[in-house]
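Here the structure is laid out as structure tokens; the discussion comes afterwards.
Values below: every heavy atom of this structure, side chains too, minus hydrogens, waters and symmetry copies.
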Amino acid sequence: MKKHVNLISVVALLFAAAPSLAADVENGKKLSRQCSACHGKDGLSKDPEVPNLAGQPALYLEKSLKDYQTGAREDRRMTLIVKNLSDEDLKDLAAYFAAFEITVGAPE
């Protein structure tokens, strides 16, 4: 039983990592230029109404972008920006922003 649990855990991790493994981070960086006006140059927004993208999980970012394309999520600007991006472009963007390492410190 324990071997099955470990195997299932390994397979789940592989599936979770698969989108970022197949993605082209350099293409994501190039595509991210259109994101910087709102989300900041490195995915760190200065506008409190615009979310930070840097360090977010690739699967979350990719799903969010796809949801804007399909209308499951609504935002006029985001819908216009992502409407012509391919699934590969979405993966690349997600992988680029997920690749940022974000560190936090506890307040003193």
Could you pull out every donor-acceptor pair under 3.5 Å between side chains of residues 45-57 and any protein atom, sequence neighbours left out?
unit_1: S45; atom_1: OG; unit_2: C38; atom_2: O; d: 3.3
unit_1: S45; atom_1: OG; unit_2: D47; atom_2: N; d: 3.0
unit_1: S45; atom_1: OG; unit_2: D47; atom_2: O; d: 3.0
unit_1: S45; atom_1: OG; unit_2: V50; atom_2: O; d: 3.2
unit_1: D47; atom_1: OD1; unit_2: E49; atom_2: N; d: 2.8
unit_1: N52; atom_1: OD1; unit_2: S45; atom_2: N; d: 2.7

Should E62 and L93 be marked as a side-chain contact (heavy atoms from CB on, under 4.5 Å) after you check the CA-CA gap, both sets of side-chain angles, and the distance that decides it? CA-CA 8 Å; E62 184 180 342; L93 270 170; over 6 Å; no
Going through the distances and angles, do T79 and E74 end up as a side-chain contact (heavy atoms from CB on, under 4.5 Å)? CA-CA 7 Å; T79 301; E74 293 182 16; 5.7 Å; no
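From R77, atom CZ reaches atom OH of Y68 across 9.5 Å, with rounding to the nearest 0.5 Å. Note: L59 CG to K91 NZ = 8.5 Å, rounded to the nearest 0.5 Å.
The shortest distance between side-chain heavy atoms of L85 and Q69 falls below 4.5 Å.
A ring pair (Phe, Tyr, Trp, His ring centres under 6.0 Å) check over residues 78-107, counting only residues at least two apart or in different chains, returns the pairs Y96-F100. Pairs passing the side chain to side chain donor-acceptor pair (under 3.5 Å) check and including a residue from residues 25-44, sequence neighbours excluded, read N27-D89, N27-D92.
Shown here for S64 and R73, the closest heavy-atom pair between the two residues is OG-NH1, 2.9 Å.
Using a cut-off of 4.0 Å between Lys/Arg side-chain N and Asp/Glu carboxylate O, K63 and D67 are scored as salt-bridged.
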